[in-house]
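For reference, the structure discussed in these notes is given below.
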Amino acid sequence: MKVIEGLKAGNECLKSMHEIMSIEDVEKILDDTQESIEYQRQIDEMLAGALTQEDEDAVLAELEAITQGEDVVLPEVPTEHVPEIPEAAKVEPERKDVMKKQNREMLAV
């Protein structure tokens, strides 16, 4: 008897839901959700630095054009000796590296 009462209550709930929502409403909600998921996926790819296939093809085509050109002029490589850096000057770049690492960690969080 309880099963039949449960089925009746379930049918009444379904009927009231059908009155409130139509199939078109449900389809619109599903479409909106799919669009939102796709939009979020695009944002995630941009943040991750991932290239689309189209972007990658464009980069490869540009590289091919650069490397195939015969009129590419490269700068001369210096031949003189590079002077030694004093110890006091080496400390500052290390500090900058630590600051950059901290900034990247904060951005990741």
Side-chain angles (χ1 to χ4, degrees):
M1 194 66 164
K2 289 184 180 182
V3 173
I4 293 175
E5 290 175 8
L7 289 173
K8 285 181 184 179
N11 282 337
E12 289 175 18
C13 288
L14 284 174
K15 285 179 185 177
S16 65
M17 283 182 59
H18 288 268
E19 291 173 5
I20 296 171
M21 296 182 77
S22 67
I23 292 176
E24 291 82 17
D25 292 337
V26 174
E27 288 176 346
K28 184 179 182 319
I29 291 170
L30 290 174
D31 288 342
D32 291 345
T33 304
Q34 185 62 35
E35 288 175 11
S36 297
I37 291 170
E38 194 60 38
Y39 184 72
Q40 184 62 45
R41 190 173 294 134
Q42 289 175 353
I43 290 173
D44 291 342
E45 287 175 0
M46 282 190 254
L47 291 176
L51 294 176
T52 64
Q53 186 62 40
E54 184 178 305
D55 292 339
E56 191 171 337
D57 291 343
V59 168
L60 290 175
E62 184 177 348
L63 176 64
E64 184 72 23
I66 291 171
T67 57
Q68 295 300 321
E70 295 177 14
D71 58 347
V72 175
V73 178
L74 298 175
E76 293 294 321
V77 178
T79 56
E80 63 243 10
H81 179 69
V82 179
E84 292 291 323
I85 299 175
E87 283 297 317
K90 289 182 181 178
V91 174
E92 187 63 27
E94 290 174 4
R95 183 171 178 237
K96 288 181 182 178
D97 290 342
V98 169
M99 294 299 289
K100 286 180 184 178
K101 182 179 179 185
Q102 289 174 346
N103 287 340
R104 284 193 304 262
E105 289 173 353
M106 288 191 319
L107 288 174
V109 172

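Everything numeric in this text was worked out from a predicted model, so none of it was measured. FYI, side chains are in, hydrogens and waters are out, and symmetry mates aren't considered; it's all heavy atoms of this structure.
Atom CD1 of I23 has 12 or fewer neighbouring heavy atoms from other residues, nucleotides or ligands inside a 6.0 Å radius.
Residues L63 and V59 have side chains not in contact (no heavy-atom distance under 4.5 Å, counting atoms from C-beta outward).
Pairs passing the side chain to side chain donor-acceptor pair (under 3.5 Å) check and including a residue from residues 73-82, sequence neighbours excluded, do not occur. Screening residues 18-28 for salt bridge (Lys or Arg N to Asp or Glu O under 4.0 Å) gives K28-D32 as the qualifying pairs, with residues at least two apart or on separate chains.
A distance of 9.0 Å separates NE2 in H18 from CG in N11, rounded to the nearest 0.5 Å. Interatomic distance, NZ of K8 versus CD of E12, reported as 8.5 Å (0.5 Å rounding).
Residues passing the side-chain hydrogen bond (donor to acceptor under 3.5 Å, both in side chains) test with Q40 are D44, sequence neighbours excluded. Shown here are the salt bridge (charged side-chain N to carboxylate O under 4.0 Å, His left out) partners of E38, two or more places apart in sequence or in another chain: R41.
Side-chain heavy-atom separations under 4.5 angstrom define the hydrophobic clusters, and the remaining members of the one that includes I20 are M21, V26, I29, L30.
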